[in-house]
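As structure tokens, the structure follows; a few thoughts come after it.
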Amino acid sequence: MAEAQFEPRIVAFLCRWCAGAGADLAGTSRLRYPPNAVAIRVNCSGRVEPQWVMEAFRSGADGVFIGGCHPGDCHYVSGNYKARRRVHLLKRMLSELGIEPERVRLEWVSATEGAKFARLMHEFVEELRALGPRTDPGEAAPSAALPAPSRRKG
Amino acid sequence: MSHEPPPANRNPGPEAGHRSGVTGRGPRIGVFVCHCGKNIAATVNVEQVVEAISHYPGVVYAARHEYMCSDPGQDLIKKAIGEHRLTGVVVAACSPSMHETTFRRAAEEAGLNPYLLEIANIREGCSWVHEGPETTDKAIRIARAMVEKVKGNHPLSPIEVGHAAKCLVIGGGISGIQAALDIADAGFEVLLVERTPSIGGRMAQLSETFPTLDCSQCILTPKMVEASRHPRIRLLTYSEVAEVTGYLGNYHVVIRKKPTYVDPDKCNLCGDCATACPIRVPSEFDRGLSERAAIYVPFPQAVPSSYTLDEASCLGLNPLRCSECAKVCTAGAIDYDMPEERIEEDVGAIVVATGYDLYEKERMAEYGYGTVPDVIDGLEFERILSAGGPTKGEVRRPSDGKVPKEVVFIQCSGSRDPELHKSYCSKICCMYTAKHALLYRHNVHDGKAYVFYIDIRAGGKDYEEFVVRAMEDERILYLRGKVAKVFRDGDKVVVWGVDTLTGKRVEVAADLVVLAQAMVPSAGTGELARKLRIACGGEGFLKEAHPKLRPLEALTAGIFLAGAAHGPKDIPEAVAQGSGAAAKAIAILSAPVLTHSPEVAEVNEDLCSGCAICVPQCPYGAITPGDVAHVNELLCEGCGTCVAACPSGAMTMRNHTDLQVERMIRAALAEAVEVAGG
Amino acid sequence: MKKLAYFPGCAMKDQARPDEAGTLHALAALGYEVAEIPRWNCCGTVHSLAKDDLMRHVGPVRNLIRVQGMGEKRVLTLCAMCYGTLKRSAQFVREEERLARINAFLDTEEDFRGGIEVVHLLTLLRDEVGYEKLASRVKRTLNGLKVATYYGCVLLRPREFAVDDPDRPEVMERVVEALGGAPVPFPERMECCGAYLTVGRSDIVTDRVGRILRSARGSGADLVVTTCPLCQFNLAERRPPVAPTLPVLYLGQVLGWAFGADEPANLFPLGGAR
Amino acid sequence: MVGKPKIAVYWTGGCGGCDVSFLELGAPLLDVLAKVEIAFWPALVDAKRADVEAFAPRSLAATLINGTLRTEENVEMVHLLREKSQLVVAFGACAHLGGVPGLANLVSREETLRRVYGDGFAIAPPPGGEADDAPPNLLPQAQPLSTEVTVDYVVPGCPPPPALIGLLFDALLSGDLPPAGHVFAHDKALCEECPRTREDRVLTKIVRPHELVPDPEACLLDQGMICLGPVTRGGCGAACPKAGMPCTGCLGPTPHAGDPGLAMISALASLVRAGDEGEASFAGEDAVLDSLVDPVGTLYKYSLPSYVAKRRSG
Amino acid sequence: MASELNLSRDHLEAPFSRRVEELSGENPYACYQCGKCSAGCPFADHMDALPNQVLRLVQLGDEAALRLSAPWVCASCLACAVRCPKGVDIAKTMEALRLLSLRRGITPAPVVPDRPYPQIALVGAYRKLTP
Amino acid sequence: MKKLTIDPITRLEGHGKILLYLDEAGGLKGAVLQVPELRGFEVFCRGRRGEEMPQITERICGVCPEAHHLASARALDAAYHATVPAPAWIQRELFYNTYIFADHLLHLVFLGGPDLLLPADTPRESRNVLGVIAAFPELGREVVTVRARAQRILEIIGGRAIHPVFALPGGVARPLTADDRNEIRSHTAAMVALAQTFVTFFHEEVLPDPGYQSLLALPQAHLPTHYLGLVDPNLAPNFCRGELRAVSPDGTELFRLDGAAALQKIAERSEPWTYVKFPYLKEPGWTGFEAGAGSGIYRVGPLARLNVAERMATPLAQEEYERFLDFFGAKPVHATFAYHWARLVEMVQAAEAAAALAEEKGLTGTEIRGKLGEPGAGVGVVEAARGTLVHRYALDEQGLITEVDLIVATTHNAAGIGLSIKGMAEDVVRKNDLDEALLNRIEMAFRAYDPCLACATHFLPGEMPLAIEIYNAEGRLERRISR
């Protein structure tokens, strides 16, 4: 009997002006993508806090998607740059704590890139399926010094 | 299994037992699920959504309707608000960008504060993009998350603010002049600030204008004079904006007016001073093709009509060293001690029309600019074509004054070249090159004009016909292809190009080469944008709030964009945008009171330590540091970047707190969605 | 009976004889008394596209002078090529100066006064006979036979001399319809067969013919009709080795058959029509 | 006879600095000691575990516990003390947040033992002893006190500054008790009491304390040092920044900061610049961010078990 | 077809260009090289230069146009002429090139009859392929 | 078999438990000190920033964080190949001597004090610092006051009184100001005065006490071991710099070497019934839990430092040192309870040294950081109040820790303490009624060392040979693991 496919749970933080509008466009264009992500709309990707990402993981998310405006296009001038730097630093920390940094994905999606949004949703779900379910950061003792245990789907 | 997400406090942490920010009164939320005809109901089982959400904690009423945005649908919501004493409403329907305003207005009509209503997007973000039973599951998650948000919402009212009835227009080119005239004609005071000694801008430098071949100065100068004489326009030439503070309706601006060292009231324009002046420097107006004295009028029709002593070129404003101009000035207009003026004004709106420069030709090394004197840019050619220009309108080349018999025009010089130069199309070059070639042929009947181009973009009224006229009537040879190299050979300027239509490489031994240089924002645009706290795009042009729906507005409320500072534009577009920006500004200036969204950042003064990490996060300068940070809620646009940066949680966002978002996250992820089979 | 001057041209007396026979039979049935113009000469087949082409109008104009001599105001052509050259020259000499130059050149002839109208069989059927009358007089219906209507180039181009809208012609289709057939307007119906390139560049013509026939067959045709003898020749004689075996007939042949003319031996597809 | 209120002081996996800090109260200590009876305090008096077991439930007015929970014995003792006490105070960073020894959670217990004693090590009783004479087992993870027993109050710090200990005793002795969960420190961050001046709030580089003698007046963060002052409760008088060293966060995060490491990541990343913000400076910004070495050790020096390890639901 | 071309005023006003224009009566500079002529030409597959390219050579005053076979492949079917958005009758330009060639003694390859031709074909060919 | 447990051992830092095994006749079969905790610093320090080590390792022990702080800084000095400039050294030494003074004072009054200063029959409830203060109110108050002033010096220099933050590789965090010096000066004067007062008090109130006299004379409290400690070039004790000198039970110098080299002379073994390990001198080596010239067991701490030194570094200390030597008549002194007196001698030297350093011109110098080289490995040795403390680190190219070895004072003494407890237990067990006061005598032997069990489980000289013996319930050796 075939094993049921692992369906990762995703929280997607989408900025209202670009990524959120891009997601709306994907809808208007009826582009199908997997339903794994629930979107939470924010005014700007600069509003997204690393704590939310961790809260999502703590609440059972397997991945977190953050969508912002393309560089130079931020509705609020530079919020997306802050988001980018926060995610960069957060990912370094996540890997130290034994959470695969690929589980957090920051992407630039413009209001016209409905197709890109849909593609990213496909891609992310596939990637997370390949990674498999996330183990709680506290369950497996994270080790900075030891190589991260392989969690590739077996 | 319980629906209740984990306890309220953010990361309860080791200080368990300590709870704050939990309201005592229980929420009474109503959820209204829209079928949107088949748009939602085809893939989402609306009945199940209603059933599941009606058991969700805090939800006291849930209902569905075929079209929630219809009048009966809205009535359903209004009625429920009253009957069920709802403290919050979630409408699960289309994207909030569609009907948020509709439903909030309905809520308000029913007596519920509009900010207590939120839209859960189950159409664009769900029913239209998914299929199968998971679609219903996801719709429930979306609705639950939004219920959690509404539980944390507080009633808010828009922030009201008064304003100044005056407008600042920065840039005295045609776009700025047009904006200033429109605003002044509407009855409001205008400050028109121009960096150079005269208004007029680039248009004053042009010979004829496409496609009508009107004389540029002839149509411009009446506008210049009108602007200078208008009772409600205060013209500040030779001036720059030094500081801008404040916000929509209440900008405080400081303008520095540089001294001209000539009293305009005394100067009678006799010109003796310029003759006496021992200094000769390249004329900016003539793009260096002629010289001017250190004391000069940029061009004969300059407005204001007065001499300016250029401090940088003058031998030192020192009567002991040189005072030739003062000696000959019978009017006694020259004042070496004239101070810089500092003008401070409160304005309600700002129009930015700072125009363009041409991309530095020196960068086009392959086109020989700077080493080959007979390679010039488009504006230089304009001056050569101008009756008032250095050659009195005769086409003569700079090196030896010879009438060029073969002229090569190179379009897209620096434009559409993302690799080495500018990626964008400078838009007007196709047209002005056609004009140049055509005017050249009118001037030199036996001359031959070649135009190297990649595409011809003649999108504008009568533009295509104009280009066809150049090609067909004037036999201007259009060569599709870029020029690779320009070099000097004797008195010829040799051009190596290609005709991609035949695949032949082409060599022209020309007498003159004219480069249609890319348009770039005028120098200092970036610096001004920083002062105004508005954004520039990657190429330095001012950025509009929305490329389609808000093309005249900057991202900062109350600041409007006009002319080529916003992107390459021709004269009619610049004028149209000037008028458009003026209309936008007038709307502010004439409003009895302005309102601002109350969903902005807020400081909890009991928690703020004054660390000031928030301060540089704000693109609008809305945060003032101090013992505790202070947010000017009129300046705040609600992006929340400061909130995320605040390490102590002292900065919050009204109706979008961390607590709300974290509850939304948990609600979106929690199991126990009771959807059997879908 | 209406009197009608008629210019046959070379082909009608040679390989296109069945065309003429069929056409004249039908015209008689439709009430026309067709009179072949006397001492007609070659139309020149193709006209010149160059500016200095006066010489090329001499032949056609001489024929028009014959029509003038018959006291007729118009002349009928069946061959598409003849129609093209005669029509173009009649047009050419509408300018006084040109007419004078031609007349000066043709000093042995009586002066041409111009004003002769050149009509093609198709325009005659459409504009004067009318499709309804045509249909009402038909003796043998094509009975839904699928007929590919091949115009070629000259009937439609240049635009000024076209027998119909050069981008969307329908005259041949309507005539076929009137005869009871089912016209098949196929993509290649207006594209040139290669014409005179058949001399020297038969390779090109063979390629063209192959495409035209495949296009006609692909559209479901049982039969191809044309009014141009050169087209007919090329379509019939320059078929590539592998090509649909579609019969190619002159429109006049089919017309004659419909009006009860003797059944030509090679008209096998019509045999089953009735 | 109604005696003086009895209090106990106990340490679990700690360093004793909390005890010493208590003693450093100086003269006020004597006042405190005069008003209470110390029923149990291994560092100071000779009561033994057996004595504690004999106490009546809730007979101790308050018990101050310092140290992280590291062994099964620690857990037994804190449950025992909880039972005997009316109030339990988490005293110091270890009991409050897990403390520096909590960094051990980066490595598993088994790995720790293997690295210290080599492969195959297993605890055993002494020669001739019984099984329960063996040393207590280590817990799998270091844990803050609140993971095992209800904590009424917290006196944070490593060790708690005497001033904050004073606040606790003021409250205990006056009977004017704050609500449960109160933390005897400021709700505002350390910056509030830091005398250093904050200027440009831009982080163009990250410097480590040994790489720079800081300007005595300017904010250390402005000078590129990773100072956790902005996320850490005040109450110590900004001792470390005053001494030219960045705050390392021993008083724990301010009440609404949440996870201090993540809050600081957000703040620090927000401040980083490498020229004008934009695509061209991404690489430069990342280089600055990457020069923050050992983020986990730096940002969770005292709090790893509280924010990273899995907590028991409670 | 690739080669180098030196463009100059003299070159562009050389007799070749003028003759082509005179013979055809068409302004080659009206052509903006959209290529619609080539797109619809039934004979383009058999040409060594597309019709628009032939015209381009004329625009450039390049006599290489005379050495092409394309004008000889053109059957004057006028499909191009009726479609040209600029109203350039390119068939006329082809005719002009043929005439110029013939008048300069440049002729297409001699015809070797492969079979008897009908008169109509012979006359047409004769009139197009001779000066 | 009967078992007696002293749990927890009180008035010390850290966790300790004493297990006594008696036969049916009540005779002592075994006495064991068990340290029931392990925090794993050696493991989790890896990956941390090198410069953080002074602030991390000091969390090993809240009583002597100063010792770890400085040992750590010294190891980093070496790892970064840094020469510490004079002003930084003056700050460090002033700080350190103040610490030694304060720590010894703490023990003499708060921890060991009640054993020493109060009569043996003092009830348990009063056998603590409050009892001491009640008995000697004036002295008590002064001790509390001066200790606070010493702590104030530590705070000025170290940034904080407990868990200081000032030492960095190559120097210290910030320069001191003239105001700082003035305040420090006032405190050091009080320290010297108190040291003198205490000496007088000792000779008047403590030394003459027959109880103390008997303890000093008790044969079971004589342990002829090797001794180890830091000495300056004049062979006077120095607490934070110098060379390690080892002497045999008869006073012969075994070696005098810098820290890294001295470390090569030491090996360790492990027992499964305790988290503490037992280091010993490779020459003569491990022969079991026994004292004597043939056993590698050595002791550190105040008594050891006086035994390895030939003189004291300051005049008042020298005077008291001479009285000490006179009393015992010969050196090395093996009486375990002489640790208390030795502590007093050192306290005097520390106060005097601090006072002298407070006058040094360089104290307020601004050259406080030496140039740092590329990070590598380094050893730092200081004398904590209770004995030699060794930190050894290796750093990677980013300056992150890759290896950590620590040997703390109480670990050096672990075997000696065990023997002392056993000896004392033998003495006590011979007495018929084992009451609480008698059991306290066992603890007293332990406390004499001023042991710090918080520290004691921390050490891991990675290259050192390690032997672990595992016994079964019957006490038979089951397995032996060696590295």
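The structure displayed is predicted, hence computed values, not measured ones. Every chain is numbered from 1, with letters handed out A, B, ... down the list of sequences. Both backbone and side-chain heavy atoms feed into the values below; hydrogens, waters and symmetry mates do not.
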- Message: Rounded to the nearest 0.5 Å, what separates atom OG1 in B:Thr502 from atom CG in E:Leu5?
- Response: 7.0 Å

- Close side-chain approach of B:Asp499 and E:Leu7, heavy atoms under 4.5 Å: no

- Note on the structure: dist E:Leu60:CG -> B:Lys504:NZ (nearest 0.5 Å) comes out at 8.0 Å

- Query: What closest approach, in Å, do B:Leu477 and E:Gln59 show between heavy atoms, and which atom pair accounts for it?
  - Reply: CD1-O, 3.7 Å

- Which bit of B:Val508 is near chain E, if near means a heavy-atom gap under 4.5 Å: side chain, backbone, both or neither? both

- Item | Atom of B:Met471, atom of E:Tyr29 and distance for their closest heavy-atom approach | O-CB, 3.5 Å

- Contacting region of B:Ile456 [heavy-atom separation from chain E under 4.5 Å]: neither

- Message: Tell me whether B:Glu406 contacts the main-chain N or O of E:Arg9 through its side chain, where contact means a donor paired with an acceptor under 3.5 Å.
- Response: yes

- Query: Where do B:Val468 and E:Lys86 come nearest, in terms of heavy atoms and distance?
  - Reply: CG1-NZ, 3.6 Å

- Tell me, yes or no, whether the heavy-atom count around E:Gln119 atom CD, taken from other residues, nucleotides or ligands under 6.0 Å, exceeds 12. no

- Message: Report which part of E:Leu12 has an atom under 4.5 Å of a heavy atom belonging to chain B: side chain, backbone, both, or neither.
- Response: side chain

- Atom pair CG (B:Leu501) and CG (E:Leu50), whose distance is rounded to the nearest 0.5 Å: 11.0 Å

- Message: What residues of residues 431-453 of chain B make heavy-atom contacts with chain E at a cutoff under 4.5 angstrom?
- Response: B:Asp446, B:Gly447, B:Lys448, B:Tyr450

